[in-house]
Amino acid sequence: MDKGLPTHSTGTPPRFGRHSQPIWRLVALALVVVAGVQWTYLSQSQPDRPAVRVPLHAAEIFERCQQLSVKPGPPQNFNQRTQSDRFVPGTKPMLLKNATIWTGQVEGLEIVKGDILLHNGLIKELGVIEHFDTNEDIEVVDVHGAWITPGVVDLHSHLAVDAAPALRGANDGNSRKGPILPWLRALDALNTHDDAYQLSISGGVTTSLVLPGSANAIGGQGVLIKLRRTEERSPTSLLLENPYSTNITDYDPKKAFRFRQMKHACGENPDRVYSGTRMDTTWAFRQGYNEAREIKQAQDSYCAAVLAGRWEGLSSEFPENYQWEALVDVLRGRVKVHTHCYETVDLDDLVRISNEFQFSIAAFHHAHETYLVPDTLKSAYGHPPAVALFATHARYKREAYRGSEFAPKILADNGLQVVMKSDHPVLNSRYLPYEAQQAHYYGLDWNLALLALTGTPAQVLGQDHRIGYDADIVVWDSHPLALGATPKQVWIDGIPQIAKPHVSKKPPSVQQKPETPNFDKEAQETLEHDGLPPLIPKKSTTHSVVFTNVSDVIIRQSGEIQEVVSAQSNDNIVVVDGGHIVCSGAASACSQSISGDGVEYINLHGGAIAPGLITFGSPLGLEEIQGEPSTSDGYAFDPLYQVVPKVVGGDGAVIRAADGLQFATREAFHAYRHGVTTAIVAPKSAGFLSGISTVFGTGAKHQLERGSIIVETAALHVGIHYGVGPSVSTQIAALRSLLLGHGAGNLAHWFKKVAEGETPLVIDVESADAIATLIHLKGEVEEAVGHPIQFVFAGASEAHLLASEISKSGAGVILTPFHTFPGAWEQRRILAGPPLTEKSAVSTLLEHNVTIALGREIASDSRYTRFDAAWAALEDGGSISRKEAIALVSTNLEKLFGISPKDNADLVATTGGGLFDYSSKVVAIISPRRGLVDII
Ligand SMILES: *[C@@H]1O[C@H](CO)[C@@H](O)[C@H](O)[C@H]1NC(C)=O
Ligand SMILES: *[C@@H]1O[C@H](CO)[C@@H](O)[C@H](O)[C@H]1NC(C)=O
Ligand SMILES: *[C@@H]1O[C@H](CO)[C@@H](O)[C@H](O)[C@H]1NC(C)=O
Ligand SMILES: *[C@@H]1O[C@H](CO)[C@@H](O)[C@H](O)[C@H]1NC(C)=O
């Protein structure tokens, strides 16, 4: 490694030396002079020793040594500032009246009913503000009781370094130049044109820690930015407390030192990149830290002498290494260390390193196993690291396999700090509040869930002196922990961020903090089973099951959703015999239907019975761990990209998902336990040809069990995508040729069925241009064959642009996922939805009478199906009825896949509320199809 880069004696001094304040300089010089005099005197009294001269830059060196003991944090009296350093002159003061303000104070328990005044980029006053003394033109807005919180802080984002849409020149998140790179700075890669800035703001995010990726053990320094677009338009102007500032008026490191942020990563990611092992990565850390420690020790002993005036024998150069200075600052407690670290072994390694080199870890990120080893965290140097988590996104690789939705609650129970983070664009940070809502749903206290988005990350970043005080606030359209909570407006530095906010009408119920079910038993089981509690559903042992205190019963009839019993009273019961509902209604009317003995009673506490939901779009049932090929069915051969072996059928081969199904995967059981009883899955595709999808029951234990496979061969699947393999026009040409009957073998057979209008063709496609071409092609083929054929566009990020044309063509759409994101160029023209646009993609397509459904791309997200439907309806402001919302994730999928409606489809029983409510929990699946009731 390079050593001894710029020195002081000859070159420009580094940032500390350059901007001395006159008074300070005088004091420093005086001290040097005194020291020098004393020393001169000593040397005179010992004539046999050579004379030692005070180095030329003694004052500077002395100053630098002094600075080593400056503590990081805000300058003194910072809390008396009357204007933010980010204040933009001309910004009007703003008084928001009549708000319900969650202040984040008193452990997040304080709620103030009153007003909030934004002035000079700061929250000037909070409470009942009768009058404000100013000559300034002040804007007053009555928010009619709306919830206000501080802006959301994303502790882990790759916004701007992994920019959207992803283009080759805009992926600057990971350097591949070595395992230890503390000298890199994310600031140097901050793309100011990322489409995600505005999207994230529209979700309430005001501040993000932008981190380098995890391809290195030490990937470099992160930067903390506010997402507001600045007049300067530069990366530097986004920084919150720029630690790299060389402007002494703005930042004087002699008075107070600004924290920097550093990314570390352990385990699989750095190992993968450097073909090393955990042992290699740990050694790389130790080697790096040892380098830093040696420099720090050299500085400390050098400075001990300088500060004592003992210049004798001292080099004229301050011991320093420009590459290692940031890591030396870690050892001095001046850098917050953010460590991507999942597993017990890795957490333990890092804790050991922190103790060996005596630095503290600000937070473990991802940290899927932290809840299993709280004591390990508590034994870290200095203080226990905070834990930055996803709510339910887990099992995507081996390290994440034991990830648990109960981790936030369990960690908080152990007194550890919990932060919810996005890892944007892994999760779209726009929906970071949803992570906190889920954590709350699974047991994290509401105040900690809100702090996990705001106060806790602010503290972890060493920025709690200003985050929460700066005028960065969100006015919400509901309680922020209610499903679908969306900002009505967002202020950053006192400046409103959404030009023309569109606000959905919401039911009054969402203004209250949602009640949540009790998951204590599940959390306990998770701990007992080291993160892998058994998920296998248990069949009821009695023939009859009676559900009491039922508020609603909704079922399917002839492929439509019907409400049979509705909320009037809660003395309704539902009697189930052998998996069939034999009576539902008032207890008095149904009690005769209860057969004598062997009856199990389940009290739903005002809960409901609703149709089992269907998921589509992820490889659910074809894999256990996404990142582990040995747990997955793998990818189907694709004749457009590869030579398909003859033994499979050559170019005529068609792969069926049914042949690769795995049952009893954790993800399938999680889906089942969240009311998603059916999955439609297509073979994993390399690009163009996927194969034939299958419809299966997520609760089944193996393929040969009764009712495990619902429809063996459902639809034919292809994909049309930009930037992969042959051109889009080549892909379309292949499709045309196949549809017009020029295929071979089995493929010809299946395309014939499509051309005959018997089998739907599901096309994974994002771009409106490709969709338009496909609509044209559909017409061409229909003209040739003389009857309609069925097309379904899945993915379909840009489908809203062609809502009317899609409707006329008779094609269907599966928005996968329903909240689109401009991740790729072919997806860039999304319809963002409220508050950025009035309509969402869902409401636009529905308005045009397109048959649409909602999908999910990631298997662990399939549990969200019920909340997706509820959220889509909430976003639409009430024009989507509950029945229609359920149809989006059940009967509409059946229609699109041409699955003939079956009245014996599974039903889901929830306690404490309906399937769409955060208050509810699935307790049983009623399956007429399989003649049983599963108790969850
Ligand atoms: C605050 O807003 C609520 C909801 O609109 C309204 O009922 C109430 O009267 C308002 N209070 C004041 C003091 O304006
Ligand atoms: C230094 O910072 C001050 C205060 O922020 C500012 O007014 C001044 O213009 C800056 N100077 C330069 C050279 O950027
Ligand atoms: C039904 O459950 C609700 C919600 O828990 C409760 O308020 C109500 O008293 C219950 N009714 C009966 C008849 O048990
Ligand atoms: C959608 O269907 C409704 C009811 O059939 C009809 O009134 C409306 O005009 C249709 N809208 C469009 C855009 O076709």
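Ligands are counted one by one from 1 in listed order, and the atoms in each one are counted from 1 as well.
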Would N247 count as being in polar contact with ligand 2, using the rule that some N or O on each side must be under 3.5 angstrom apart?
yes
N/O contact list for ligand 4, threshold under 3.5 Å:
{"residue": "ligand 4", "atom": "2 (O)", "partner": "N849", "partner atom": "OD1", "Å": "3.0"}
{"residue": "ligand 4", "atom": "2 (O)", "partner": "N849", "partner atom": "ND2", "Å": "2.3"}
{"residue": "ligand 4", "atom": "11 (N)", "partner": "N849", "partner atom": "ND2", "Å": "2.9"}
{"residue": "ligand 4", "atom": "14 (O)", "partner": "N849", "partner atom": "ND2", "Å": "3.3"}

Any idea how F867 and Y441 line up, ring-wise: parallel (<30°), tilted (30 to 60°), or perpendicular (>60°)?
perpendicular
Pairs satisfying salt bridge (charged side-chain N to carboxylate O under 4.0 Å, His left out), at least one member in residues 798-807, at least two apart:
E798-R829
For ligand 3, which atoms sit closer than 4.0 Å to a heavy atom of N549?
1 (C), 2 (O), 3 (C), 8 (C), 10 (C), 11 (N), 12 (C), 14 (O)
Over all atoms of both residues, closest heavy-atom pair of Q512 and H479:
O-CB, 3.6 Å
First locate atom CG of L190, then atom CD1 of I225, and finally report the distance between them rounded to the nearest 0.5 Å.
5.0 Å
Do E884 and N892 have side chains that approach each other closer than 4.5 Å (heavy atoms only, starting at C-beta)?
no
Which class fits the ring pair F406 and F519: parallel under 30°, tilted 30 to 60°, perpendicular over 60°?
tilted
Over all heavy atoms of both residues, which pair between L802 and A772 is shortest? Give the atoms and the distance, please.
CD1-N, 3.7 Å
